[in-house]
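Please read all numbers here as calculations on a predicted model, not as lab measurements.
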There are 2 protein chains.
Amino acid sequence: MLTRKQYDLLLLIDKRLKSDGVPPSFDEMKDALGLKSKSGIHRLITSLEERRFIRRLPHKARAIEVVRLPENTPEEEKELLRNNGTRFRMNSSASIIADNNTEIPLYGKIAAGTPIEALRDENEFVSVPQNMLGMGEHYALKVEGDSMIEAGILNGDTVVIQRSNSSENGAIVVALVDGYEVTLKRIYCRQGKVALEPANKNYETKVLAPERVAVQGRLVGLLRNY
Amino acid sequence: MLTRKQYDLLLLIDKRLKSDGVPPSFDEMKDALGLKSKSGIHRLITSLEERRFIRRLPHKARAIEVVRLPENTPEEEKELLRNNGTRFRMNSSASIIADNNTEIPLYGKIAAGTPIEALRDENEFVSVPQNMLGMGEHYALKVEGDSMIEAGILNGDTVVIQRSNSSENGAIVVALVDGYEVTLKRIYCRQGKVALEPANKNYETKVLAPERVAVQGRLVGLLRNY
DNA sequence: GTCATATTGTTTTCTGGTAAGCATATTTTC
DNA sequence: GAAAATATGCTTACCAGAAAACAATATGAC
């Protein structure tokens, strides 16, 4: 996940945050890593941000925050981290990864009849209360259209999806039909067929052969802003 | 996240709050940081407010509150903070967990026709994505009943309310009627009367004299778990 | 009205972050 | 093993923001 330099820099920032409370400036990082210019640091920082190990405010001095540390931190280092903050361990070290990972990627929009727009590389994220997340991988989609309006899912809502290939009967899922059309629908299995049922009288339930339908995830949460 | 000055000032305010119960004035802060003018303090305070470390009331003397402390306060200082006072610990540790999720109090349930159950002292909290919150104070309510179902607000949903006494026409608000009945409704002002309109054909719009209705807050967000 | 507190403005200085260009390792891929 | 992609190193230059100082108002408290 990280290169040596990126990793070293991340640990440095984390260390400094814990010892001083203030993150190092680019110049200080430059010195600490033994570089002669800041631009290298700039690129490392950019990578770390892209990979969501740190978060920052653009154009602000020392506006860096460590979001998480890499999982594979060597044992000795982990030991160190652990001893650094026994009581407040929740915010230090890798435990963050497990329970506090509250940002999930926003993959795009979903609407009846149109495929998801591929936004994945744009690196957009949505923050979600962690109690909304269960096990496994989650992502978010923006709902477009009114096909699920009777289930209280409105145009513009953000839905939280747990990645999964299976589904219980009657669950609301993200389903891929014929490999290109993605919809958010209630799913039922009836006599060897799969029914995708919208929650809007103006739309029709589609009954399809199981081969044509691939479940991509299960609806686990919904967020709406007014 | 913070520069040295910002960080020092934040700790100073926190310390004074805990030892005296009263935040320092601008002048006192100026002296404590060894500045020769208050304007610097003003700017530091502004940055701290921007970054949501403190909250303040405009035009009020010493109206500063510490919302949270930086994630990576050095251990010794944290130790101090822990021993000094529990006052703000809930808040700070809560937001430490996940910077992007703030915890707001869950005051109880709200339903057409029945008052909010007072849960306030039970100290229940709900975590919400920070981008759902605007300025001011927020709280959460659990929706009971189906009176707003056509607005996509279902039984069991959690609504996020921004405390406020006023409202725009057509907004969904928490309204207190005759001092005892609390409902979540769309509000309209018509010819000197106030209309509280449910989003369900089976319920009726109430038209009341303005004196009988007190707006308690404005709907700003909604959370649902499946 | 007076005093203490807050807000706003301007200027200057300096630190810190951004950016582009080019060179050099290092890793990946075929 | 060579080509390609990625990561890193270094330089220079530029610009934005942080900070300090001083001044002038505005506002709330009493």
Side-chain angles (χ1 to χ4, degrees), chain A residues 1-17 19-67 69-70 72 120-121 123, chain B residues 1-14 16-17 20-67 70 72 135-136:
Chain A
M1 193 66 155
L2 293 179
T3 65
R4 175 93 245 148
K5 287 281 167 197
Q6 292 165 354
Y7 179 79
D8 288 346
L9 181 58
L10 179 59
L11 287 197
L12 170 74
I13 296 172
D14 189 62
K15 201 186 83 202
R16 291 285 294 267
L17 269 169
S19 65
D20 302 356
V22 176
S25 74
F26 276 39
D27 255 311
E28 289 165 346
M29 292 189 247
K30 175 204 82 186
D31 293 340
L33 293 199
L35 304 188
K36 290 189 181 157
S37 129
K38 293 179 285 183
S39 76
I41 298 294
H42 187 260
R43 264 175 302 186
L44 292 176
I45 290 287
T46 307
S47 320
L48 283 175
E49 194 184 12
E50 262 175 21
R51 293 164 205 198
R52 296 197 302 140
F53 285 92
I54 60 174
R55 186 161 31 202
R56 47 198 312 242
L57 303 179
H59 308 296
K60 299 283 178 189
R62 298 175 191 244
I64 299 178
E65 198 178 27
V66 174
V67 177
L69 291 173
N72 51 351
R120 201 202 268 243
D121 15 26
N123 249 354
Chain B
M1 202 58 159
L2 295 179
T3 64
R4 177 96 253 151
K5 289 274 169 206
Q6 293 163 354
Y7 180 77
D8 288 346
L9 181 58
L10 178 59
L11 287 196
L12 171 74
I13 296 171
D14 190 63
R16 294 284 294 266
L17 266 171
D20 304 356
V22 176
S25 73
F26 275 40
D27 253 314
E28 289 165 343
M29 292 189 251
K30 177 204 79 186
D31 293 339
L33 292 200
L35 303 189
K36 290 188 181 159
S37 133
K38 291 175 286 187
S39 73
I41 296 294
H42 183 256
R43 286 171 176 77
L44 292 176
I45 290 284
T46 307
S47 311
L48 285 174
E49 196 181 11
E50 259 176 26
R51 292 164 203 201
R52 295 168 182 274
F53 284 93
I54 60 173
R55 187 160 34 196
R56 42 198 316 240
L57 302 179
H59 312 302
K60 300 285 176 190
R62 299 179 189 242
I64 299 178
E65 191 182 34
V66 174
V67 178
N72 294 290
M135 282 293 85

> What nucleic acid atoms does A:His59 come within less than 4.0 Å of, heavy atoms only: base, sugar-phosphate, or nothing?
sugar-phosphate
> May I have the distance from A:Lys30 (atom NZ) to C:dT15 (atom P), rounded to whole angstrom?
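Interatomic distance, NZ of A:Lys30 to P of C:dT15: 12 Å.
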> Which is true for A:Leu44 with a 4.0 Å heavy-atom rule: it touches a base, it touches only sugar-phosphate, or it touches nothing?
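The answer is sugar-phosphate, as A:Leu44 gets under 4.0 Å only of primed atoms, P, OP1 or OP2.
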> D:dC15 C1' sits how many Å from A:Phe26 CZ, rounded?
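For the pair A:Phe26 CZ and D:dC15 C1', the rounded distance is 15 Å.
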> Could you tell me how far apart B:Leu33 (CG) and D:dA21 (P) are, to the nearest whole angstrom?
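Rounded to the whole Å, the gap is 12 Å.
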> A:Thr3 side chain N/O closer than 4.0 Å to the phosphate oxygens (OP1, OP2) of D:dT8?
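Looking at the OP1 and OP2 atoms of D:dT8, one of them is under 4.0 Å from a side-chain N or O of A:Thr3.
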> Report yes if some heavy atom in the side chain of A:Leu44 is under 4.5 Å from a heavy atom in the side chain of A:Met29; otherwise report no.
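No; the side chains remain at least 4.5 Å from each other.
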> Nearest nucleotide by nearest heavy atom, which residue falls closer to the 5' end of DNA chain C, B:Ser37 or A:Arg43?
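Looking at DNA chain C, the more 5' nearest nucleotide goes with B:Ser37.
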> Both B:Ser39 and A:Pro24 contact DNA chain C. Taking the nearest nucleotide for each, which residue is further toward the 5' end?
B:Ser39
> Answer yes or no: is there an ion pair linking A:Glu28 with A:Lys38, defined by an N-O contact shorter than 4.0 Å?
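Salt bridge absent between A:Glu28 and A:Lys38.
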> Grab the two heavy atoms, one from B:Phe53 and one from B:Leu2, that are nearest each other, plus how far apart they are.
CE1-CD2, 3.8 Å
> Once you round it to whole Å, what is the distance between P of D:dA19 and CG of B:Leu2?
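In whole Å, D:dA19 P and B:Leu2 CG are 10 Å from each other.
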> Nearest to the side chain of A:Ala61, which nucleotide is it out of D:dG9, D:dA18, C:dA19?
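Selected nucleotide (nearest to the side chain): D:dA18.
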> Return the value, rounded to whole Å, for the distance between atom NZ of A:Lys5 and atom P of D:dC10.
9 Å
> For C:dG16, does OP1 or OP2 lie under 4.0 Å from any side-chain N or O of A:Arg56?
no
> In whole Å, what is the span from the CD atom of A:Gln6 to the P atom of D:dG9?
11 Å
> Give A:Lys60 one of three labels, base, sugar-phosphate or nothing, depending on what nucleic acid heavy atoms sit under 4.0 Å from its own.
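The answer is sugar-phosphate, as A:Lys60 gets under 4.0 Å only of primed atoms, P, OP1 or OP2.
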> Just to be sure I understand the rule, does B:Ser47 reach a base, reach only the sugar-phosphate, or reach nothing, if contact means heavy atoms closer than 4.0 Å?
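Contact class for B:Ser47: none.
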> Using the side-chain heavy atoms of B:Lys38, tell me which of these nucleotides is nearest: C:dA19, D:dA21, C:dT5.
C:dT5
> On a plain distance test, is the side chain of A:Lys36 in donor-acceptor contact with the base of D:dG9 below 3.5 Å?
no
> Need one value for A:Arg62: base, sugar-phosphate or nothing, where a base atom within 4.0 Å counts as base even if backbone is also close, heavy atoms only.
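Since only primed, P, OP1 and OP2 atoms lie under 4.0 Å of A:Arg62, the category is sugar-phosphate.
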> Give A:Ser25 one of three labels, base, sugar-phosphate or nothing, depending on what nucleic acid heavy atoms sit under 4.0 Å from its own.
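Answer is sugar-phosphate: A:Ser25 comes under 4.0 Å of backbone atoms only.
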> Expressed as a whole number of angstroms, how long is the span from B:Ile41:CD1 to D:dA19:C1'?
11 Å
> Can you find a heavy atom in the side chain of A:Leu17 that is under 4.5 Å from one in the side chain of A:Ile64?
no
> Can you check the B:Glu49 CD to C:dT7 C1' distance for me, whole Å?
13 Å
> Can you confirm whether A:Asp14 sits close enough to A:Leu10 that some side-chain heavy atom of one is under 4.5 Å from a side-chain heavy atom of the other?
no
> Look at A:Lys30 together with A:Asp27 and state whether they make a salt bridge at an N to O cut-off of under 4.0 Å.
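The answer is yes: the pair qualifies as a salt bridge.
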